[in-house]
Every structure is written in structure tokens, then in C-alpha cells.
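Below: the structure, in C-alpha cells.
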2 protein chains.
Amino acid sequence: MDNKAIQEQRMREYFIQATREILKGEGLRGISVRNIASKAGYSYATLYNYFKDVKELIFECVQDFQDECEEMVQSEIQNTPQGLERIKAITMAYMKYFIQYQGIFELFFLEGVVDMSGKKPTIELIVTFLDRLCESDWEYCISQNQLTKEQAEIHKAELRYVAPGLLLFYLNRKHPESYNEFKALSERQLNFILKN
Amino acid sequence: MDNKAIQEQRMREYFIQATREILKGEGLRGISVRNIASKAGYSYATLYNYFKDVKELIFECVQDFQDECEEMVQSEIQNTPQGLERIKAITMAYMKYFIQYQGIFELFFLEGVVDMSGKKPTIELIVTFLDRLCESDWEYCISQNQLTKEQAEIHKAELRYVAPGLLLFYLNRKHPESYNEFKALSERQLNFILKN
DNA sequence: TAATTATATTAACACTGTTAATTATATTGT
DNA sequence: ACAATATAATTAACAGTGTTAATATAATTA
């Protein structure tokens with residue numbers, strides 16, 4: 001009954017933890033059912049007693065990685081003044097996290113989902129992540145009459161799509177070639193978006 | 001000698017043609033070495049006499065798909081006046097093409113490349129594609145003093161990253177849910193970018 | 001026509017995710 | 001405490017994947 005639920009959650013956690021480690025290390029390409037199970041200390045078939053398939057398992061990691069990313073963002077924007085400047089800093093730190101852990105970028109944005117059943121909340125988590133990170137600052141801008149609600153909505157969306165776009169080209173197509181170029185390019189584009 | 005080169009190119013074309021058909025139909029998920037070879041009328045191992053691996057083969061299709069996409073774009077912007085408005089129309093048609101052929105979007109932007117050796121020109125083709133589609137219109141805007149060269153560069157980049165970003169969320173994360181919403185959202189964002 | 005070269009094919013390897021059958025463990029009733 | 005039952009973990013198997021080596025077939029040359 002309750003014991004069973006506790007034990008089941010513990011087992012799930014073993015597999016999730018193993019998956020997290022692989023994703024942070026070798027990335028999505030390093031993931032395999034046998035790989036995960038071995039790291040968790042169980043046979044590969046045991047995994048299917050706790051997850052319906054391997055995709056359900058890896059999407060379980062999203063929340064944890066978002067927490068970790070948010071931590072990194074917070075530590076990087078310590079002394080940045082509220083408002084547009086901080087939105088820029090948050091977005092830069094957000095992208096920096098995914099560059100550090102390319103596998104997590106792949107999980108968040110590239111990994112395909114065939115049947116969305118049950119994964120909708122996780123997808124929503126991913127889609128709204130940057131919005132949530134910047135939420136208080138957008139509200140600040142609106143309260144200071146720097147932006148109308150409608151303008152803020154457009155700016156918000158612009159960041160939401162530009163950031164993964166930039167990451168997609170840099171991580172997946174090596175364009176631009178160096179991190180410094182990427183950083184300069186990103187700052188240029190963010191300045192453009194937030195200047196209006 | 002020369003005959004040999006002709007025959008070799010013919011063989012390559014058989015495999016490329018088969019790959020194109022699969023990509024347009026079932027998409028990237030339908031691709032497999034045995035699948036391609038069967039469609040081409042050869043055994044799977046024969047493929048390796050003409051391509052070093054399957055990734056080299058599928059990247060050979062990029063140029064053809066770009067030609068096809070450009071054709072579709074041209075036919076959709078017939079009566080659109082030169083300049084910013086046409087840039088918007090081109091970008092919308094560009095996105096429409098990838099929505100029609102999701103597998104080609106995956107090939108262009110999502111498909112991973114481990115060793116870039118030899119694929120650099122293809123990657124460059126992909127990265128600069130939208131820029132090239134809009135090139136004459138950007139030049140028109142500059143010649144009309146609507147934009148400086150530097151401003152045009154920023155706008156160009158903005159489109160370059162926003163379009164795949166929008167497609168990534170829509171095709172890979174079903175966000176927004178309907179095509180009409182996607183279209184409205186895209187137009188909103190494109191208007192924002194090109195209004196400044 | 002015979003020997004040689006080039007090309008295509010099959011067999012095999014090491015993987016992948018997933019399911020069914022089997023074994024081991026834990027829980028229950030007596 | 002022991003036997004019967006339910007639960008959970010394991011191995012075996014299946015149908016795939018990309019790729020390479022060995023083999024068979026076709027074409028070319030002497």
C-alpha cells in the first residue's frame with residue numbers, strides 16, 4: 001500500500017538518477033536502456049516495471065535540470081539591476097547552461113516525442129521555462145511603464161524562439177565556430193530585441 | 001576513367017533519389033540503410049561502395065531540397081512588392097515548406113553531425129539558406145535607405161534564428177497546437193522584427 | 001577463352017528498444 | 001515455522017539499427 005508506493009518511487013529515483021548522470025556526461029547519444037539499468041544496478045528489463053518506455057524516463061529528468069539551470073542563472077545575475085538588463089543576463093546564462101550541457105539541450109528541444117500522452121505537462125514546462133525565469137522582470141518593466149503588456153508579450157516570445165534558434169545553430173551546426181563569436185552574436189541580437 | 005566516373009555518379013544518384021523519396025515521405029525516422037538500398041534496388045552493403053556512411057548520403061539531399069523549397073517560395077511571393085514585405089512573405093513560405101516536409105526540417109537543423117569532415121559546405125548551405133532567399137530584398141531595403149547595412153545584418157540574423165526556433169517549438173513540441181495559431185504567432189513576431 | 005579486376009551480395013558483429021517466459025524474492029495464511 | 005501465493009528481477013528472444021569482412025558474381029583485359 002503506502003510502503004509499496006515509497007519503494008516504487010525509490011526505484012524510479014535510482015533509474016532517474018542514472019539517466020541524469022548519463023545525460024550530463026555523454027549526452028543523449030550515451031543513453032540506452034541497458035546503459036541506464038547497468039548504472040542503476042539493475043537489469044535492463046527491470047526498468048520496464050517502473051517506466052512504460054525509455055522516453056518517459058528521460059523526460060522525468062526535465063524538472064531536475066530546470067532546477068539546476070535556474071540555480072546557475074540565479075548565481076550569475078546576482079548584481080544585475082532589475083528589468084531589461086536582467087532579462088538579457090538571464091537569457092545569456094540560460095543559453096550558457098545548455099552549452100555547458102549539450103545533452104540537456106537535446107533533451108529539452110531536439111528529442112522527438114511520438115505519443116504526447118502524459119508528457120504534455122513536461123512539454124509545457126520546457127516551452128515556458130525561459131518565460132518563467134524572466135517573469136518578475138517582465139512584470140517590473142510593465143509596472144515601470146517601459147513596456148505595455150502586449151509589447152512585453154512579443155518581446156518574451158522573441159526571446160523564447162531566438163534563444164533555442166541560436167543554440168540550435170551553434171551546437172548542432174557549429175555556427176558560429178567559436179564560443180566568443182556566439183556570445184557576441186547573441187548579445188547583439190538580444191540588444192536588438194530588448195531595445196525596442 | 002571517365003566512364004567509371006559517370007557510372008559511379010549514376011549509382012550515387014540512385015541512392016540519393018531513394019533517400020529523397022523516403023525523407024519526403026516517412027521523414028528521417030523512415031531512413032535506414034537497408035530501406036534506402038532496397039528502394040534503390042541494391043543490397044545494403046553496396047551503398048558503402050559509394051558513400052562512406054549513411055549521413056554523407058542523406059546530407060547529399062540538402063541541395064535538392066533547397067532548390068525545391070526555393071521554387072515553392074518563388075511561386076508564393078509572385079505578386080508581393082519588393083522589400084520588407086517580401087522578406088516577410090519569403091520567411092513565411094520558407095517555414096511553410098518545412099512544415100509540409102517535417103523530415104526535411106529534421107535533416108536541415110536537427111540531424112546531428114559527429115565529424116564535420118566534408119560536410120562543411122553543406123552546413124554552410126543550410127545556415128545561409130534563408131539569407132540567400134532574401135538577399136536581393138535586403139539589398140533593396142539598403143538601397144532605399146530603409147535600413148543601414150548594419151541594421152540589415154541584425155534583422156537578417158534575427159530571422160535566421162527565429163524561424164528555426166518557431167519551427168522547432170511547433171514541429172517538435174507541438175507549441176502552439178494548431179497551424180493557424182502558429183501562423184498568427186509567426187506573423188506577429190516577423191512584424192516586430194521587420195518594423196524596426 | 002582464361003586470368004584478373006571490379007562490383008554486388010550474404011554473413012556476421014555489436015548495438016538498439018521492447019516483450020515473454022523464467023527464476024528468485026518477499027508476503028501472506030495456516 | 002512452513003507451504004502457498006503474489007511480487008519483482010532476470011535471462012532469452014525478437015526485430016530492428018549501422019557497419020565491415022568474406023564471399024560470390026559480373027565485367028574487363030590479356
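Naming: A, B, ... by sequence-line order, numbering from 1 per chain.
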request  = Provide, to the nearest angstrom, the distance between the CG atom belonging to B:Asn35 and the P atom belonging to D:dT17.
outcome  = 7 Å
message = Please determine whether a side-chain nitrogen of the Lys or Arg among B:Lys24 and B:Glu68 lies less than 4.0 Å from a carboxylate oxygen of the Asp or Glu.
response = yes
key: Salt-bridge present (B:Glu150, A:Arg188; N to O < 4.0 Å)   = no
note = With both pairing distances under 3.5 angstrom for Watson-Crick or G-U wobble, and | for a partner in another strand, the correct string for DNA chain D is ||||||||||||||||||||||||||||||
Nearest-Å distance for atom pair CD1/P, residues A:Ile6 and D:dT7 = 18 Å
task = Identify, residue by residue, the members of residues 16-33 of chain A with a heavy atom below 4.0 Å from DNA chain D, and return them in order of residue number, or none.
result = none
message = Can you pull out the residues from residues 38-55 of chain A that lie within a 4.0 Å heavy-atom distance of DNA chain D?
response = A:Tyr42, A:Ser43, A:Tyr44, A:Ala45, A:Thr46, A:Asn49, A:Tyr50
task = Decide whether B:Asp67 and B:Gln63 meet the rule of one side-chain donor and one side-chain acceptor closer than 3.5 Å.
result = yes
task = Considering only NZ, NE, NH1 and NH2 on the basic side and carboxylate oxygens on the acidic side, decide whether A:Glu13 and A:Arg20 come within less than 4.0 Å.
result = yes
Length of the CZ-C1' vector between A:Phe15 and C:dT18, whole Å = 14 Å
ask   = Under 6.0 Å from the NZ atom of A:Lys183, do we count more than 12 heavy atoms belonging to anything else shown?
value = no
ask   = Rounded to the nearest Å, what distance is computed from the CD atom of residue A:Glu56 to the P atom of nucleotide C:dG17?
value = 15 Å
inquiry  = Can you list everything that forms a side-chain hydrogen bond (donor to acceptor under 3.5 Å, both in side chains) with A:Glu26? Sequence neighbours excluded, please.
reply    = none
inquiry  = What is the separation between atom CE on A:Met11 and atom C1' on D:dT10, rounded to the nearest whole Å?
reply    = 12 Å
remark   = Taken to the nearest whole Å, CD/B:Glu8 to P/C:dT5 is 19 Å
message = The criterion is side-chain contact (heavy atoms from CB on, under 4.5 Å); which residues satisfy it with A:Gln100, sequence neighbours excluded?
response = A:Met72
Solution key, residues 43-53 of chain A side-chain donor-acceptor pairs under 3.5 Å, sequence neighbours excluded:
from, atom 1, to, atom 2, distance (Å)
A:Thr46, OG1, A:Ser43, O, 3.4
A:Asp53, OD1, A:Lys55, N, 3.2
A:Asp53, OD1, A:Glu56, N, 2.9

message = Is there, by distance only and without an angle test, a donor paired with an acceptor across the side chain of B:Arg34 and the base of D:dG18 below 3.5 Å?
response = yes
request  = State whether B:Glu70 and B:Arg132 are salt-bridged, where the test is any N-O pair (Lys NZ or Arg NE/NH1/NH2 against Asp/Glu carboxylate O) under 4.0 Å.
outcome  = no
note = B:Gln7 CD to D:dA26 P, in whole Å, measures 16 Å
ask   = Using 4.0 Å as the upper bound for N to carboxylate O, is an ion pair formed by A:Lys156 and A:Asp131?
value = no
task = For the residue pair B:Glu181 and B:Ser178, confirm or rule out a side-chain donor-acceptor distance under 3.5 Å.
result = yes
